[in-house]
Amino acid sequence: MYCVRNVTEDLYWVGANDHRLHLFENIHPIPRGVSYNAYLLLDEATVLFDTVDWSACRQLLENIEHLLAGRPLDYLLINHMEPDHGASIEEILLRWPKVKIISTEKAFLLMRQFGFAIEGHELIQVKEGDTQCFGKHTVTFVAAPMVHWPEAMVTFDVTNGVLFSADAFGSFGALDGKLFADEVNFDRDWIDDARRYLTNIVGKYGPHVQLLLKKASGILDQIKYICPLHGPVWRKDLMYFIHKYDQWSRYEPEEQGVLIAYASMYGNTEAAAQALASKLCEKGMSNVWVYDVSNTHVSQLISESFRLSHIVLASVTYNLGIYPVMHNYLMDMKALNLQNRTFALIENGSWAVKSGDLMQKFIETEMKNMTVLSDRLSMASALHADKASELDAFADAILESMDL
Ligand code: FEO
């Protein structure tokens, strides 16, 4: 059965929802699923904007065939070639052999690399500033390199103000019928998945997102719809989401608050983390979030690290090193370019307490624009009541460093 929704006038969502995929990119859990968004414009010419993951190809085809109702598909416009959007290209070419493909030079290169038989089709290579007219609608192309692959572009329909934003402004989470962001309580139910998507998938490329936002700022008043390749379409309150993207890509925290991530083998480091959380709340800072790194997917830790201003790392020493799962979290923060955070450290070890020095060295030498508080909570095996005043001072040092 076809499953489409009208976006505006002659533009339709023809994508699909995926609740079967367990790990996005085979790494990030998506318990709420994901949508692969593709859009079909029925102008004098018919235009398909991007495709979907191979697993959803059948749904895409059914949706397109329903709306075309016998008309040919004239153009296939590819903004982004990652296989979660590009994998169905070849099937489209087989079904509509006369379709003309519009995309960037690098995207055509990638199509060939992935083995798509595009030769024999009319290939329209576009670059930033080029335009293409489909009848009533004229679109213009804007390069968006590294948002999130080098070939990416976004397409702006100057006729109706629709921005086809590729991976930008996307989110994890299946739509399940609710196409528009204003049909859900986005700030309550979607923002965490949107942040987890952006920070883990495109987090490394903040400067490139900033460049795209700068380009968009010149036409902000003309953008009426944002149609991303994942998650809801935006037609109201666009600045709410644009502002979030601006913060995330500048690596600025959304909130003054404390993330306490602990690595604990037998519960003693965990107990210290909990004691600190209570102490902070007792002193008036209740925007405190405690996570066990062994039981929290690192994509969630990354998302929270982008949200909050302060990060307390509490780690046991393991094989004279940082506990491996904590080390992995640090490596991920580095890989995703997180910056501008204040760290405080809790270390533990039964005969050689090394984790604090090692975490501090990692943060100071491997990451950018980070502050590590000089106060550190150190313990041998477990935290005892004789360290209550140290814990108190440690909490005070964190609070004093906050912008409250
Ligand atoms: Fe959703 Fe970069 O692909």
Side-chain angles (χ1 to χ4, degrees), residues 13-39 48-57 59-60 76-92 103-104 106-111 113-114 116 141-155 163-175 179 181 190 193-213 226-234 241 244-245 248-249 299 302-303 332 335-337:
W13 176 84
V14 291
N17 293 294
D18 188 348
H19 280 284
R20 292 188 174 198
L21 188 69
H22 176 52
L23 296 173
F24 187 81
E25 293 185 345
N26 212 11
I27 186 167
H28 308 292
I30 43 169
R32 294 176 59 245
V34 70
S35 73
Y36 312 113
N37 298 340
Y39 304 90
L48 177 63
F49 294 82
D50 293 291
T51 73
V52 296
D53 187 78
W54 178 246
S55 61
C57 182
Q59 184 68 60
L60 173 75
L76 171 61
L77 195 158
I78 297 296
N79 285 301
H80 184 26
M81 252 307 292
E82 192 166 6
D84 54 333
H85 312 292
S88 300
I89 289 175
E90 200 162 33
E91 191 63 27
I92 296 291
S103 201
T104 61
K106 283 200 175 89
F108 286 127
L109 178 76
L110 285 170
M111 287 178 212
Q113 275 184 204
F114 278 107
F116 296 167
F141 308 102
V142 180
M146 303 320 298
V147 186
H148 119 247
W149 277 17
E151 89 303 349
M153 68 173 179
V154 302
T155 299
L163 177 67
F164 298 94
S165 62
D167 270 351
F169 303 108
S171 175
F172 290 144
L175 296 169
L179 177 63
W190 279 78
D193 260 336
R195 185 190 305 104
R196 196 163 62 83
Y197 166 82
L198 183 276
T199 58
N200 285 279
I201 306 298
V202 196
K204 178 178 172 61
Y205 305 113
H208 298 84
V209 175
Q210 279 290 305
L211 192 62
L212 183 61
L213 289 173
I226 296 177
C227 292
L229 288 175
H230 300 287
V233 166
W234 290 79
F241 207 35
K244 293 288 186 192
Y245 259 67
W248 297 332
S249 56
S299 65
I302 288 294
S303 179
D332 227 23
L336 294 167
N337 212 8

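As the structure lists them, so they are numbered: ligands from 1, and atoms in each ligand from 1.
- The N, O or S atom of Asp84 with the smallest distance to atom 1 (Fe) of ligand 1 is OD2.
- His148 contributes atom ND1 as its closest N/O/S atom to atom 2 (Fe) of ligand 1.
- Panel note: side chain Asn200, backbone Ile302; no donor-acceptor pair is recorded below 3.5 Å.
- Taking 2.8 Å as the criterion, His85 does not count as a coordinating residue of atom 2 (Fe) of ligand 1, since none of its N, O or S atoms falls below it.
- A donor-acceptor pair is defined here as one N or O able to donate and one able to accept, closer than 3.5 Å; no such pair exists between the side chain of Tyr36 and the backbone of Trp54.
- In this structure, His230 has its ring center under 6.0 Å from that of His85.
- When distances from atom 2 (Fe) of ligand 1 to the N, O or S atoms of Glu82 are compared, OE1 comes out shortest.
- The main-chain N or O of Phe108 is never found under 3.5 Å from a side-chain atom of Ser103 such that the two would form a donor-acceptor pair.
- Side chain to side chain, Tyr205 and Asn337 fail the donor-acceptor criterion of an N or O pair below 3.5 Å.
- The angle that His80 NE2 and Asp167 OD2 make at atom 2 (Fe) of ligand 1, rounded to 10°, works out to 90°.
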